[in-house]
Every structure is written in C-alpha cells, then in structure tokens.
There are 2 protein chains.
Amino acid sequence: MARRSDHAPEELKRLALEAARAIVTEEGSRGLTVRRVAERIGYAPGTIYNLFANLDDLIVQVNAATLDALAVVLVEAAQAEPRARPERLVEAYFDFVESRPRLWSMLFEHRLPEGEDLPDWYRPKLAALISLVAEALGPLMPEDSAVARQAATVTMWAGLHGISTLAVSSKLALVADTKPRALGHLLVRRMLG
Amino acid sequence: MARRSDHAPEELKRLALEAARAIVTEEGSRGLTVRRVAERIGYAPGTIYNLFANLDDLIVQVNAATLDALAVVLVEAAQAEPRARPERLVEAYFDFVESRPRLWSMLFEHRLPEGEDLPDWYRPKLAALISLVAEALGPLMPEDSAVARQAATVTMWAGLHGISTLAVSSKLALVADTKPRALGHLLVRRMLG
DNA sequence: GCATCAATTGAACGATGTTCAATTTCATAC
DNA sequence: GTATGAAATTGAACATCGTTCAATTGATGC
C-alpha cells in the first residue's frame, strides 16, 4: 500500500510534526523516535524520511514551531501600554514555559551532530523574537545607542532563558526557594535600570 | 580474563571517568557511549556496569566533576579585593566555559529519564557554587536581607548560565554581535545596581 | 594445590536511526 | 478500460546502541 492520497504531502508533514509534538508533550524528548512518530500517524518508518532529512531535522522543525508559538504569546504581551510591558512580557514568558515544559526543554537542550549548524531559516525566527522585545522595551531603556539597547535586550532574553531552563531541569529549586518568575522580574527590573 | 589487579576498583572508576571526559572533550556528548569508554580503558562493556548504574549515572558523574572544576576556578577569582570581584568572577566563568565548551554543553543539556532526579550528593555541589558567589559579592550588593541577596545571586548565576549556554550552542551569535563575555559583565553590573 | 569468591567477560536481547530495493498506488495517455 | 510511467510507501536489513547475565577467569585463603 503506497501513495495514500489520504494526505497531501504537506498535510502529511503537518501530521508527523503534530505527532512528534504530542509525544514530547506527553513523555519528553527521550520518547521521541522515528518509529513512534511513524506508528502514530499510521505510516512506515521509512516514510518519515520522505518528509524529513533525519530525526534531527524533525526535532529542529518541532522546535521552530515552539519558537513560533512563543512569538505569538509575546506579541500579545507587547501590546500593553509601555510601562506595563516588562511585567507582562515576563509573565507571558513564564506562562509559556510552564505550560510546555518538555517542549521547552527540547528547544534548548537538543544538540545537532558535531559540525552541523542550525538551518538558515532558523535565524530570522530567533532574530524576530529579539526585535520584538527590543522594540517593546526600547522606550523604557536608559541606553542611548541602538547597539547598547540590543545588548541589553539580548542579555535580558538570555537571562530569562537561563532562569527558565534551570527551573525546568529542576536545578534551580536546588539552590533557590524564590519562584523562577520572581527572579525573572528582578532581572528585568534591574536591566531596565 | 577477570580480576585484573592492574587497577583497584576506585582507580578503575577514575579511569573510566577520565576516558569519558576525553571523549566528550574531543567529539562532544554524542560520541559518548558505554562501548567507547570500555574500549578506551581496555575493558569489556559489561565492566562499566560494575562501576556505574548505567550511562546516565556515568554522565552525571562526569558533569559533577565539571562542576567541581568550575568551583575551583571561581574560588580563585573570589580571592580578589571586593571591588574587583565582579569582573574577575565573570572573566573566570567565561574563560572556563570557553575552555571546555563540550563538557559545558553536556553539563546543562543532559537530561535524566523522565521522573528520575539528580542524586542527593549533587545538590550540595550546586549550593556551594552559589554560596561562593553570594559571599564574594555580598559586600557589594545593595539589598539588605539575606533572602534578597540570595535571589540576586541566583539571578546573576542563572543569567550567566543562559548567556553561556546560548553562546556555546551558537544561538547567541545569531542575534547578537556583542561578545557573550561583554553581556555577562553588563548583566552583573546592572544586577549589582 | 585446592576451593572459594568476586571481578570480568562477551554473547545475547530489544530497540534505535537510517537506507534502499521492491512494491503499490495514482495520474495520465491511449 | 487498460496500459504505462512516475511517485509514494513499504518493510526488511544493517550497524549501532544500552543493558543483562551466565559463564569464565584470576586471585585469595586454607
């Protein structure tokens, strides 16, 4: 049984990504295998390789979707009036992380094979996220030059990232009794002067 | 051929950890397998399971050693006169990360199987690191309560962690042309008010 | 020298990512 | 309707992985 026009090729890819997302959500990235994804969508393992170069490619695409979802959430938080934005952004960020801890883990813990780089289409996604925050917080930042504002934004972003990944891997709770979210607010408050 | 008194049991464990460390240093955590470690020390795969519960256990112990090495480096940096400490600590931190990027990656990217926690002896190692920084920077911090100082310290620590892991996975270079180290200094400067 | 015991082995198992020749289905042409 | 060709799908095969464990080996105590 080949060629099922059950699903157009694009549809099939969407199905596979959705299945992968579900597996990671339910049991973490360790449960994500090519065979499980195939089984879940009712195809043979080999079919996955028509849709993705390999398992790493599939993972990167799931991660990209997670990044997109984060962008949506942050865009909304950035609509708030300027002075409320820092709080809103931090809240939105941690709400997102806490609602998808396993997808979040995979997003930042997955490593490509040595020497392989993230695909070119990945960079704009990350850059868009940073720009979003930079523009939302720009009016509130003390620094004058655009370069300095960019540096401050990236630092905040990396800082939030650090807090959330340590929290998700339960390494933060080992050394702090303060909620991750509170540390995030502290960080942003200080970074904005 | 059994019982080689070539190596006492403790010595053998040390050898295995050193072999694992070398493999990760040379080719990253993806190259680390039980069979490769065994081969490298001239034993059969099964022997590794006399020394470690499983591969995850071995990895956690390599990671613990990395953490210990970081502590050594930071202790030295903390000897400086109080006002020079922030700079020195940040420099020492990034020197360390840049000198062992692959060990560093594994330290924070490795995940235990779902539901398994880090061993109990791991917590004090992390806590000691935080205390070290907290005590070194305490005199320079504007906050009054010990709780607030702890929160600020953890935030700095998590922030540096975020910056360095994004840098090591080359995600930072995608969005910032500022050197990670400079972002680290910026973060600490702001966090210390 | 013999028996005991623990360390060590390596074959075996199930599962993994990946490949690819063979098969099956669909669209098209007649 | 049927034949043809292209394309999608299959699933067996391969190498490798983590892990287990009965068998084997070497040292130790008597």
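Throughout, protein chains are lettered first and strands after them, A, B, ... in sequence-line order, and every chain is numbered starting at 1. Just so you know, these numbers use all the heavy atoms, side chains as well, and skip hydrogens, waters and symmetry mates.
In this structure, B/Leu12 reaches the sugar-phosphate backbone alone: every heavy-atom distance under 4.0 Å involves primed, P, OP1 or OP2 atoms, never a base.
Listed nucleotides D/dT19, C/dG17, D/dG11 differ in distance to A/Leu55; the shortest reach to its side chain belongs to C/dG17. Closest approach to the B/Thr33 side chain among C/dG17, D/dG18, C/dA7 is made by D/dG18 (side chain taken as heavy atoms from C-beta onward).
In terms of modelled atom types and a separation under 3.5 Å, the side chain of B/Gln79 and the main chain of B/Val75 share a donor-acceptor contact.
Summarising the geometry, the separation between NZ on A/Lys13 and P on D/dT9 is reported as 14 Å, rounded to the nearest angstrom. Here D/dG18 presents its P atom at 16 Å from CD of B/Glu116, a figure rounded to the nearest Å. Rounded to whole angstrom, the span from the CD1 atom of B/Ile48 across to the P atom of D/dC21 amounts to 18 Å. Atom-to-atom, CZ of B/Arg30 to P of D/dT16 comes out at 16 Å; the value is rounded to the nearest Å. Taking atom CG on A/Leu32 and atom P on C/dT18, their separation rounds to 11 Å, with Å as the unit. Between the CZ atom of B/Arg36 and the P atom of D/dG18 there is a distance of 10 Å, given to the nearest Å. The CD1-C1' distance, from B/Ile59 to D/dC17, rounds to 13 Å in whole Å. Atom-to-atom, CD of A/Glu11 to P of D/dT9 comes out at 12 Å; the value is rounded to the nearest Å.
Summary of the strand contacts: B/Asn50 and A/Arg35 both lie near DNA chain C, and taking for each the nucleotide with the nearest heavy atom, the more 5' one is attributed to B/Asn50.
Close to C/dT8, at under 4.0 Å from its OP1 or OP2, lies no side-chain N or O of B/Thr47.
Closest non-hydrogen pair, A/Leu112 versus A/Val60, comes out as CD2-CG2, 3.9 Å. Closest of all the heavy-atom pairs between A/Arg123 and B/Leu174 is NH1-O, 3.4 Å.
Side-chain contact between B/Met191 and A/Leu186 is present, with heavy atoms from C-beta onward closer than 4.5 Å.
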